[in-house]
**Student:** 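Attaching a single structure in structure tokens format; questions to follow.
Order of the sequence lines fixes the chain letters, A, B, ..., with proteins taken first and strands second; residue numbering starts at 1 for each chain. Worth knowing before you read on, the calculation uses all heavy atoms, side chains too, and leaves out hydrogens, waters and symmetry mates.
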2 protein chains.
Amino acid sequence: MGRTPEGARATARGFLTSSGAAAGPPAPGTAAQAPGPDVSTYAGAHDVPDGVAVARVTLQTVADRVGVSRMTVSNAFSRPDQLSEALRAKILAAAADLGYVGPDPAARALARRSAGAVGVVLTDSLGEAFLDPVAAAFFGSLAESLAPTGLAVSLIPAENVGGHVPARDLAVDGAVVYACAGETEAVEWLRKRRLPLVFVDQDPLPGSAGVLLDDRAGGRIAVEHLLALGHRDVAVLTMNSDRTTPGWADAPRRGGSNHVARERTAGALDALEAAGLQGRVYEVVDNHDHLIAPGVAELVADPHRPTAVVCFSDLMAAHLVRAAQAAGLTVPDDLSVVGFDDSVHAHTVRPALTTVRQDFAAKGRLAARALTEAIARSRAAADTGPEDAEPTIEHIPVELVLRDSTSTAPRDARG
Amino acid sequence: MGRTPEGARATARGFLTSSGAAAGPPAPGTAAQAPGPDVSTYAGAHDVPDGVAVARVTLQTVADRVGVSRMTVSNAFSRPDQLSEALRAKILAAAADLGYVGPDPAARALARRSAGAVGVVLTDSLGEAFLDPVAAAFFGSLAESLAPTGLAVSLIPAENVGGHVPARDLAVDGAVVYACAGETEAVEWLRKRRLPLVFVDQDPLPGSAGVLLDDRAGGRIAVEHLLALGHRDVAVLTMNSDRTTPGWADAPRRGGSNHVARERTAGALDALEAAGLQGRVYEVVDNHDHLIAPGVAELVADPHRPTAVVCFSDLMAAHLVRAAQAAGLTVPDDLSVVGFDDSVHAHTVRPALTTVRQDFAAKGRLAARALTEAIARSRAAADTGPEDAEPTIEHIPVELVLRDSTSTAPRDARG
DNA sequence: CCCCTGGTCTTGACCGGTCCAGTACGTCGT
DNA sequence: ACGACGTACTGGACCGGTCAAGACCAGGGG
């Protein structure tokens with residue numbers, strides 16, 4: 001007892017004394033405690049008089065009030081099976097009376113070594129990322145799939161602003177990296193922290209799990225559909241953020257830093273080559289309205305305009321359709337257009353787009369599962385030492401949806 | 001010194017001894033330290049041999065390695081002005097060598113009493129929320145506006161699933177509540193936690209800040225535009241989640257639980273009444289594709305179809321336009337349509353929508369500012385006692401954008 | 001020569017929980 | 001009557017930082 005006065009943890013400035021109701025000077029204005037085990041009429045912290053610094057209510061405060069140990073109060077909230085129902089009810093009542101909501105999340109995160117949240121790194125600037133319905137849909141689906149596990153989703157900016165580095169300083173148990181071209185600064189930090197990572201729509205780093213669409217097959221089936229309709233002059237409309245102006249690609253298969261764009265284009269070119277044809281590739285700078293518009297206008301005006309175009313996204317396809325219509329062409333009679341994703345744009349344009357559908361819900365679900373598994377694995381490894389289960393790479397199948405933006409090639413253009 | 005052996009915090013199982021490089025048995029395989037201040041060739045923790053439980057690297061580990069106190073290492077990372085540049089470099093080098101990335105976010109959150117993140121509660125299920133471009137745009141804009149302050153954004157589900165309650169258990173410094181109809185369970189918890197709250201597109205709770213669009217004015221200017229074009233039979237197309245089937249509203253001004261829908265409708269009715277006209281209100285159940293489609297089909301087929309419709313959202317307007325076209329009508333000649341929001345749908349449909357524009361970027365920016373201010377205020381209040389600065393309610397102006405979906409009323413319908 | 005000031009680093013006390021290894025008490029089997 | 005066992009609760013040691021105040025040492029003015 002030479003160490004510390006009674007109750008090693010008693011709050012220093014709280015107006016409640018450290019042990020039981022008997023000891024210590026009575027709190028100002030407090031009448032004698034009402035007899036009986038029930039909650040006294042003494043008003044709790046939730047209506048403290050103005051100007052009085054509100055004492056911080058912690059487990060200890062509640063424990064002192066009820067006359068049990070801190071640990072028992074903790075159990076009342078976090079492990080109800082560890083104490084009698086009667087005592088638990090009493091503790092909960094006291095807590096409610098004191099305005100104690102529950103264990104402090106930050107303290108719990110530290111003690112439990114788990115934050116209850118995962119990070120998500122998105123492609124672009126945050127503002128633009130959610131303009132893309134594909135990214136937004138994935139994000140929503142991920143969050144929804146994660147909800148039942150109790151993990152919340154936190155947005156981590158890919159690039160830092162204002163000297164803050166959330167990727168380094170945010171408490172998360174793992175992270176999803178979505179379609180980040182190459183190695184972002186944020187990803188670098190996450191890797192250094194050795195957080196469980198899942199890469200989506202992007203090649204995973206060695207040792208990490210991945211969830212990828214079968215983009216190559218998507219490009220292929222889009223072209224095969226057009227070939228079956230008799231088209232021989234098929235172009236690909238895609239993006240390449242390495243360039244600064246739209247135009248025909250010199251090295252079609254090289255593509256830019258975007259994995260998805262490269263794969264989709266490659267799939268389309270594969271199918272064309274398999275048919276003994278050579279595909280042309282028209283690249284715009286990025287998948288944003290203002291960057292697509294000038295490109296498609298030029299593409300439509302091209303004297304050697306193809307009879308059919310496979311697009312990197314429904315957004316591009318929708319722009320292309322409207323540009324064609326504005327130029328007096330009819331879709332699909334004069335120009336067949338295939339989209340990609342089956343996002344809002346696909347059924348919003350007229351004619352509705354024939355497109356390669358991807359299953360957003362599945363993507364979010366698989367990413368959620370891969371991440372929770374990676375987190376579980378990493379926790380297990382902390383105990384039993386590293387076991388090397390090969391991280392998985394999931395592939396999501398795609399499917400061609402036939403609508404109204406494709407038809408047989410014009411008579412005079414057929415081989 | 002009778003208390004604890006040297007270095008009260010020396011990690012128990014770390015293979016590095018507690019104080020300085022001189023004392024204790026040399027780590028296995030460690031040659032004599034190379035002379036000079038530079039980093040020795042001894043491999044740090046980042047390539048620990050397989051099977052060896054990796055010792056947890058903390059501030060203390062780094063401090064021991066360099067021979068300084070834990071606090072000095074902390075300062076090296078968090079407050080560079082508190083120590084000499086030379087020592088800082090040495091510490092940073094040692095940290096890098098040991099694989100120490102930076103202060104543990106959870107521990108820091110506890111000690112600093114700040115999580116570095118804020119929560120966002122969205123209307124619907126998470127999966128559906130991001131299908132709505134308006135919600136998605138706001139979310140992105142909020143996250144982007146918050147980024148420079150170093151605050152990350154975490155999604156908090158409005159309703160709990162699987163027994164987890166993120167709204168209670170997630171470490172956040174404050175939260176934004178976006179267009180939640182009425183009092184959600186999540187909001188209830190946030191309120192109990194006394195977190196700084198900002199309400200967007202929804203009436204703020206007393207004591208909290210709010211960011212609201214001038215929805216009523218929006219409804220008004222939409223109608224005024226149509227009146228100016230000679231329309232006398234104007235209907236409102238809106239949502240009311242209290243009902244289960246679409247149809248004409250009995251009590252138009254009552255509306256449902258959605259604040260935005262009520263206001264927009266009220267504004268439109270105000271303008272009609274001011275012109276001595278009576279407005280009709282057609283309600284669908286919610287602002288989702290599958291709930292809108294049957295409603296607009298019925299509306300278009302109505303024998304007493306109005307000559308112009310003011311819609312709750314661009315999404316509804318786009319559906320209405322397409323339904324009208326499918327029924328053989330021409331927009332705007334047979335039916336004028338005004339949208340709301342100026343979201344993707346507005347410039348995606350043909351004809352492009354005349355619509356009431358709202359400034360998404362401003363909404364995110366104002367919400368971010370209101371929240372950071374509320375957080376700052378709450379921190380100040382913890383020190384100096386509560387001061388009662390009236391929380392602000394910001395109103396964002398709207399603006400009518402004229403496009404191609406409205407025109408003068410048909411000759412035979414004009415009063 | 002002394003005191004004051006300022007830059008560096010250290011010390012001890014927190015932040016508010018959870019984990020784990022007890023201890024105190026029934027209760028049951030024999 | 002006695003040891004084994006289960007239940008209910010407690011105590012101390014963490015989790016990994018930050019904060020506020022103090023110690024030490026240098027240079028500079030009076």
**Student:** Examine C/dC14: is either OP1 or OP2 under 4.0 Å from a nitrogen or oxygen in the side chain of A/R56? Give yes or no.
**Tutor:**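 So the side chain of A/R56 is outside the cut-off, no N or O lying under 4.0 Å from OP1 or OP2 of C/dC14.
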**Student:** Please tell me if B/S84 has a side-chain N or O lying less than 4.0 Å from either OP1 or OP2 of C/dC9.
**Tutor:**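 The answer is yes; a side-chain N or O of B/S84 sits under 4.0 Å from OP1 or OP2.
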**Student:** Would you tell me if any nitrogen or oxygen in the side chain of A/S69 comes within less than 4.0 Å of OP1 or OP2 on D/dC9?
**Tutor:** no
**Student:** Rounded to whole Å, please give me the gap between CE in B/M71 and C1' in D/dA23.
**Tutor:** 16 Å
**Student:** Within less than 4.0 Å of OP1 or OP2 of D/dC19, is there a side-chain N or O belonging to B/R113?
**Tutor:**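 Checking B/R113 against D/dC19: no side-chain N or O falls below 4.0 Å of OP1 or OP2.
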**Student:** To the nearest angstrom, how far is A/L59 atom CG from C/dT18 atom C1'?
**Tutor:** 9 Å
**Student:** Tell me whether B/R70 contacts the main-chain N or O of B/L59 through its side chain, where contact means a donor paired with an acceptor under 3.5 Å.
**Tutor:**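 No.
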**Student:** Could you work out which one of D/dC19, D/dG16, C/dC19 sits closest to the side chain of A/R112?
**Tutor:** C/dC19
**Student:** What contact category does B/F77 fall into here, base, sugar-phosphate, or nothing, at under 4.0 angstrom with non-hydrogen atoms?
**Tutor:** nothing
**Student:** Identify, between B/E85 and A/R79, the residue whose nearest nucleotide on DNA chain C lies closer to the 5' end.
**Tutor:**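 Nearest-nucleotide comparison on DNA chain C picks B/E85.
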**Student:** Calculate the interatomic distance between A/Q82 atom CD and D/dA8 atom P; express it in whole Å.
**Tutor:** 9 Å
**Student:** Please tell me if A/R70 has a side-chain N or O lying less than 4.0 Å from either OP1 or OP2 of D/dG12.
**Tutor:** no
**Student:** So which one's nearest nucleotide on DNA chain C is more toward 5', B/T72 or B/A107?
**Tutor:** B/T72
**Student:** Could you grab the distance from atom CZ of A/R56 to atom OG1 of A/T61, nearest 0.5 Å is fine?
**Tutor:** 10.0 Å
**Student:** Report the distance from atom CH2 of A/W189 to atom CG of A/N160, rounding to the nearest 0.5 Å.
**Tutor:** 9.0 Å
**Student:** Contact class for A/L110 vs. all strands (heavy atom < 4.0 Å): base, sugar-phosphate, or nothing?
**Tutor:** base
**Student:** Atom CG of B/L83 to atom C1' of C/dC9: distance rounded to whole Å?
**Tutor:**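 My rounded result for the distance is 9 Å.
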**Student:** Can you tell which of D/dC15, C/dC15, C/dC19 lies closest to the side chain of B/A111?
**Tutor:**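 Nucleotide nearest to B/A111's side chain: C/dC15.
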**Student:** Is B/R193 reaching over with its side chain to a backbone N or O of B/A167, donor-acceptor style, under 3.5 angstrom?
**Tutor:** yes
**Student:** Does B/T58 reach the main-chain N or O of B/Q60 with its side chain, forming a donor-acceptor pair under 3.5 Å?
**Tutor:** yes
